[in-house]
Number of protein chains: 4
Amino acid sequence: MTAEARSGPAPSRVARRRDRKVADILSAAADVLSERGFHGMSLDEVADRLDLTKASLYHYFPSREELVSACLETLATTANERLRQTAGAVSGTAAERLGMLIRAQLDMVVREYPQMARLFLQPLDWPELYRQRSRALRVEHDEIFRSVVREGIRSGEFNVDEDVAMHNLYGAMNNVPVWFRGRRKKDVDDMAAKVADNLLRLFLPPASSSSA
Amino acid sequence: MTAEARSGPAPSRVARRRDRKVADILSAAADVLSERGFHGMSLDEVADRLDLTKASLYHYFPSREELVSACLETLATTANERLRQTAGAVSGTAAERLGMLIRAQLDMVVREYPQMARLFLQPLDWPELYRQRSRALRVEHDEIFRSVVREGIRSGEFNVDEDVAMHNLYGAMNNVPVWFRGRRKKDVDDMAAKVADNLLRLFLPPASSSSA
Amino acid sequence: MTAEARSGPAPSRVARRRDRKVADILSAAADVLSERGFHGMSLDEVADRLDLTKASLYHYFPSREELVSACLETLATTANERLRQTAGAVSGTAAERLGMLIRAQLDMVVREYPQMARLFLQPLDWPELYRQRSRALRVEHDEIFRSVVREGIRSGEFNVDEDVAMHNLYGAMNNVPVWFRGRRKKDVDDMAAKVADNLLRLFLPPASSSSA
Amino acid sequence: MTAEARSGPAPSRVARRRDRKVADILSAAADVLSERGFHGMSLDEVADRLDLTKASLYHYFPSREELVSACLETLATTANERLRQTAGAVSGTAAERLGMLIRAQLDMVVREYPQMARLFLQPLDWPELYRQRSRALRVEHDEIFRSVVREGIRSGEFNVDEDVAMHNLYGAMNNVPVWFRGRRKKDVDDMAAKVADNLLRLFLPPASSSSA
DNA sequence: GATGAATGAGCCTTCATTCAT
DNA sequence: GATGAATGAAGGCTCATTCAT
């Protein structure tokens with residue numbers, strides 16, 4: 001992210017080494033972040049997992065704050081990339097495509113990056129600084145979903161207040177890791193599919209509406 | 001030991017004072033808890049807001065842990081009472097009654113007790129101890145909603161996997177205060193109504209199901 | 001100690017009441033002192049055992065320090081009284097009389113006031129203030145023993161450096177409660193007799209002296 | 001992890017530095033421990049004497065508890081080593097050899113390690129945990145003395161109940177630093193010799209026993 | 001005389017951060 | 001580039017002491 005951005009000659013061996021180390025650190029930090037939460041992540045634990053000293057982390061990140069922020073960015077990038085792949089790979093009705101996105105997001109959030117949900121939930125207890133950054137990062141993610149939703153609305157397939165439904169979708173989707181915690185992997189897949197199906201209803205008009 | 005043994009009508013002036021103070025502390029603690037989160041809540045800050053010293057809190061609660069637990073219990077009790085009132089006061093279709101409950105919950109969560117949402121969201125990074133307690137406290141709350149949902153399912157009005165829909169409902173509902181943060185009160189009411197309507201869809205069969 | 005010292009008319013009922021309370025407090029404090037040691041004694045625990053509040057203790061003693069000092073004085077008075085009774089009641093050789101005193105002291109120290117030993121040991125870790133007081137209090141106690149010892153020396157029955165033997169005697173005697181801790185009462189009596197006999201040797205010339 | 005794995009001859013400069021610091025800390029802690037006692041020893045005071053911050057101590061010891069334990073172990077090791085040297089170096093009657101041991105112990109306790117006495121006195125008010133440890137550590141020390149004593153008993157030179165005499169010996173011996181506190185060095189040597197001689201009497205049969 | 005309330009000072013512990021080597 | 005050392009600030013908790021009622 002730093003060295004690659006340079007426009008100069010081929011990145012020196014030392015620069016590549018540094019980038020690899022940065023990636024390692026980010027990965028370890030993301031792990032700790034997932035397991036212990038924002039407030040539970042200590043530099044000591046991150047360093048321990050890398051067989052490094054806490055002090056050494058400061059060669060790569062000027063502060064804990066920057067490390068966490070970089071983690072968020074990495075997670076967001078990963079998520080958005082995967083989602084964009086998903087979005088690009090499918091065709092069909094808006095509902096079908098939205099369903100795929102939801103399932104992809106659940107997959108990530110449940111199986112690989114339970115901490116990722118925090119990024120999208122804007123946790124109330126994070127310092128304002130991080131909330132701002134994560135809000136910014138979320139916009140892109142949001143847009144992937146919203147473009148499908150808007151399409152569905154335009155085509156008449158969906159019938160909703162976009163903001164309202166999107167918020168409900170996000171709230172439910174990102175709470176899933178809490179719900180699933182500790183379940184067996186098999187169950188998780190079944191459940192995730194059911195959850196996704198149910199969430200689609202937020203966008204579809206109900207058969208008999210008592211509150212349309 | 002003496003006052004508490006009395007049959008009730010005369011809780012000595014001192015006891016009333018103490019109760020009021022306990023309530024004040026719980027309120028302040030709940031505020032801090034909701035603003036800073038579990039790990040961010042320090043006894044110093046709670047005490048500061050009450051013009052007290054940290055040490056003074058220990059006259060009312062034997063430990064930080066007990067204080068937090070008492071907050072959870074108080075909030076849960078408040079919420080369950082209000083919901084039960086709501087549930088008892090309405091008649092109509094299951095959808096109508098569920099709608100009322102959702103609106104009641106949103107009302108509380110958005111207007112009066114934004115802290116309350118935390119109780120139902122079980123943040124991933126709280127110590128297991130508290131997650132257990134809050135899970136236990138939530139059961140009662142959950143049951144009020146579920147009884148209406150089950151009724152709707154039995155009557156054929158609703159058509160869902162109860163667990164799946166309930167979880168989605170909770171996730172979305174309790175994320176609302178995050179979403180609404182900083183909005184004007186007028187908007188909030190409108191929004192809440194729309195959110196409630198949209199959430200009802202989770203339980204109603206969609207007009208045309210494009211997902212098997 | 002305060003009221004009784006007054007030269008005025010019969011101590012009013014209120015004064016007697018106060019004295020009784022002071023005695024109760026001293027007794028409770030001495031108990032805690034024995035069980036928890038000087039540093040482990042807290043006003044809270046003393047008050048608890050009396051069904052009082054910590055604050056109430058301050059009606060009778062101006063500070064923790066004064067309470068502890070009063071305890072020491074009480075213990076010393078008790079010990080000295082008992083020893084003087086013993087000393088007055090016996091006749092016989094110096095060795096016989098010293099043996100009685102030792103047994104009396106062991107009896108007190110082991111059975112009734114394990115904390116009393118601290119008074120005579122001048123614990124290294126007590127604040128200087130208390131060490132001075134306890135040293136003063138010990139003089140009287142010491143003198144009871146020494147008068148018998150000096151007599152034995154004068155009569156030729158004993159053959160020792162008074163200071164040296166006295167110190168060794170005190171050190172050994174007051175360490176007994178540590179040694180006996182947790183033993184059964186029966187054993188304690190047997191042991192105490194043996195200990196006393198052995199300690200007498202400090203004063204008697206050895207049969208074959210390789211170091212006289 | 002790296003340096004410790006080496007076979008010994010080259011404990012990197014940094015390791016040596018650390019060891020020296022650990023030794024310094026242990027020394028300072030032992031001092032404070034002996035002056036203020038277990039409960040009176042604060043990490044702040046230990047740190048102060050080393051021109052360190054309390055927090056820095058945690059680089060070397062994970063907790064106050066471990067620091068105290070390490071002190072006990074260090075003192076015990078030192079004492080036992082010295083005594084074993086003494087025991088190995090002397091010949092002669094049991095009384096002569098026991099006399100040497102007593103003098104050696106007094107020498108250490110009075111001149112170099114006044115803290116050491118605490119290790120052997122097992123103060124009543126230390127938490128059970130430490131009393132257990134120090135009791136265990138004392139066993140070895142005890143055994144050095146007892147082997148000589150048992151030999152003297154076997155050969156008929158001594159005539160005592162081993163346990164009783166040993167306890168009296170320990171009580172008297174370890175109380176010496178309290179007694180000597182503040183005396184001039186010259187006097188101390190004379191005194192110590194007299195104390196040792198007197199203590200030997202505990203093991204020798206008295207010339208005329210007036211106590212059955 | 002008794003007590004609940006409040007507090008300041010002190011303790012142990014954790015942690016992000018700095019710096020010399 | 002890496003690390004051990006050191007630290008300041010903060011957090012939870014205890015306790016002797018004061019004071020108004």
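Just so it is clear, the model here is predicted, and its values are computed rather than measured. FYI, side chains are in, hydrogens and waters are out, and symmetry mates aren't considered; it's all heavy atoms of this structure. Quick note on labels: first sequence line is chain A, next is B, and so on, each numbered from 1.
The closest side-chain heavy-atom distance from D:Lys21 to D:His59 is not below 4.5 Å. Put simply, the side chain of C:Arg64 reaches to within 4.5 Å of the side chain of C:Met41, judged on heavy atoms. Within the 4.5 Å cutoff, no side-chain heavy atoms of A:Phe38 are placed close to those of B:His39. A heavy-atom distance below 4.5 Å is found between the side chains of B:Val22 and B:Phe61.
When rounded to the nearest whole Å, the span between CG of B:Asp48 and P of F:dG11 equals 10 Å. Atom CZ in B:Arg36 sits about 14 Å away from atom C1' in F:dA10, given to the nearest Å. A straight line from CG of B:Leu57 to P of E:dT7 spans 10 Å, rounded to a whole angstrom. Atoms CD1 (C:Ile25) and C1' (E:dA2) sit 12 Å apart, rounded to a whole Å. Between the CZ atom of D:Arg13 and the P atom of F:dT3 there is a distance of 18 Å, rounded to whole Å. Residue C:Leu50 contributes atom CG, which lies 13 Å from atom C1' of E:dA2 at whole-angstrom precision. Counting to the nearest Å, the P atom of F:dA6 and the CG atom of D:Asp51 are 11 Å from each other. Whole-Å rounding puts the B:Tyr60 OH to E:dT7 C1' distance at 12 Å.
With A:Leu43 as reference, A:Leu67 is the one residue of A:Thr53, A:Leu67, A:Val32 to meet the side-chain contact (heavy atoms from CB on, under 4.5 Å) rule.
With both pairing distances under 3.5 Å, E:dC11 is matched to F:dG12 as a Watson-Crick or G-U wobble pair. Shown here, F:dA20 forms a base pair with E:dT3; the pair counts as Watson-Crick or G-U wobble because both key distances fall under 3.5 Å.
Taking each heavy atom of D:Cys71 and D:Ala30 in turn, the nearest pair found is SG-N, 3.7 Å.
Contact annotation for B:Phe61: no contact, since no heavy-atom pair falls under 4.0 Å across all strands.
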Sugar-phosphate or base contact per nucleotide [nucleotides 16-21 of chain E; S, B, -; heavy atom under 4.0 Å]: BBBB--
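Contact annotation: C:Ser56 side-chain N/O to E:dT3 OP1/OP2 distance is under 4.0 Å.
Heavy-atom distances to DNA chain E give each of B:Lys21 and C:Thr53 a nearest nucleotide, and the one nearer the 5′ end belongs to C:Thr53.
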Assess whether salt bridge (Lys or Arg N to Asp or Glu O under 4.0 Å) is satisfied between B:Glu45 and B:Lys54, documenting all intermediate values. CA-CA 8 Å; B:Glu45 181 160 5; B:Lys54 203 172 23 175; over 6 Å; no
